[in-house]
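The figures that follow rest on heavy atoms only: side chains count, while hydrogens, waters and symmetry mates do not.
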Amino acid sequence: MSSRRSRSRQSGSSRITDDQITDLVSKLQQLVPELRSRNSDMVSAAKVLQETCNYIRSLHREVDDLSERLSELLATTDATSAQAAIIRSLLMQ
């Protein structure tokens with residue numbers, strides 16, 4: 001166990017435990033498609049964190065791409081059309 005973790009454990013009971021970290025890493029593994037099918041015993045916490053970061057980056061790129069596509073669609077759509085009204089209603093949800 002690292003000296004930082006040992007010191008933090010002594011400084012108060014509000015600190016996170018090793019069991020809690022293990023549980024959180026396991027939950028992250030279930031959320032990341034790249035890791036979901038792997039045996040949890042075979043994947044290190046570092047790998048789970050690395051893949052989680054990669055997945056979040058890919059989601060950000062996807063959101064940016066979809067936002068750009070939506071902006072292009074709105075720019076080419078008549079603001080008073082039924083299609084524009086549908087898009088606006090979807091954005092308000």
List the residues meeting salt bridge (Lys or Arg N to Asp or Glu O under 4.0 Å) with Asp78, not counting sequence neighbours, and say none if there are none.
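Asp78: no salt bridge (Lys or Arg N to Asp or Glu O under 4.0 Å) contacts found.
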
(request) Applying salt bridge (Lys or Arg N to Asp or Glu O under 4.0 Å), name anything that partners Arg69, two or more places apart in sequence or on another chain. (result)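 Salt bridge (Lys or Arg N to Asp or Glu O under 4.0 Å) check on Arg69 returns Asp65.
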
Practice prompt. Check whether Val32 and Leu59 end up in the same hydrophobic cluster, where Ile, Leu, Val, Met, Phe, Trp and Tyr are linked by side-chain heavy atoms less than 4.5 Å apart.
Written response: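 They do share one cluster, since a chain of ILVMFWY contacts under 4.5 Å joins Val32 to Leu59.
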
Side-chain heavy atoms under 4.5 angstrom apart, residues restricted to Ile, Leu, Val, Met, Phe, Trp, Tyr: same cluster for Leu49 and Val43?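 Yes, one cluster joins them.
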
Can you measure from CE (Met42) to CG (Leu35) and round to the nearest 0.5 angstrom?
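Atom-to-atom, Met42:CE and Leu35:CG are 13.5 Å apart.
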
Asp23 CG to Asp18 CG distance, which is reported to the nearest 0.5 Å: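 Taking CG in Asp23 and CG in Asp18, the distance rounds to 12.5 Å.
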
Is there side-chain contact between Glu34 and Asn54, with heavy atoms separated by less than 4.5 Å?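 No - every pair of side-chain heavy atoms lies 4.5 Å or more apart.
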
Given side chains that start at C-beta, do those of Leu24 and Ile16 come closer than 4.5 Å, heavy atoms only?
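A side-chain contact under 4.5 Å exists here.
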
Taking only residues two or more places apart in sequence or in another chain, which ones pass side-chain hydrogen bond (donor to acceptor under 3.5 Å, both in side chains) with [X]?
X: Gln20; answer: Thr17
X: Asp64; answer: none
X: Arg36; answer: none

Under the side-chain contact (heavy atoms from CB on, under 4.5 Å) test, which residues partner [X], sequence neighbours left out?
X: Leu74; result: Leu70, Ile87, Leu91
X: Glu72; result: Glu68
X: Val25; result: Ile21, Ala45, Val48
X: Ser58; result: Tyr55, Arg61

If you apply the rule side-chain contact (heavy atoms from CB on, under 4.5 Å), what do you find for Leu90 with Ile86, and how did you get there?
CA-CA 6 Å; Leu90 290 171; Ile86 292 169; 4.1 Å; yes

Legend entry - Over all atoms of both residues, closest heavy-atom pair of Thr77 and Gln83: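 Of all heavy-atom pairs spanning Thr77 and Gln83, the closest is CG2-OE1, 4.0 Å.
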
- [ ] Please confirm whether the backbone N or O of Thr22 pairs with a side-chain atom of Ser26, one donor and one acceptor, at under 3.5 Å?
- [x]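 Not at all, since once roles are kept as given, no pair shorter than 3.5 Å links the two residues.
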
Remaining members of hydrophobic cluster (4.5 Å side-chain criterion), Met92
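None; Met92 is a cluster of one.
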
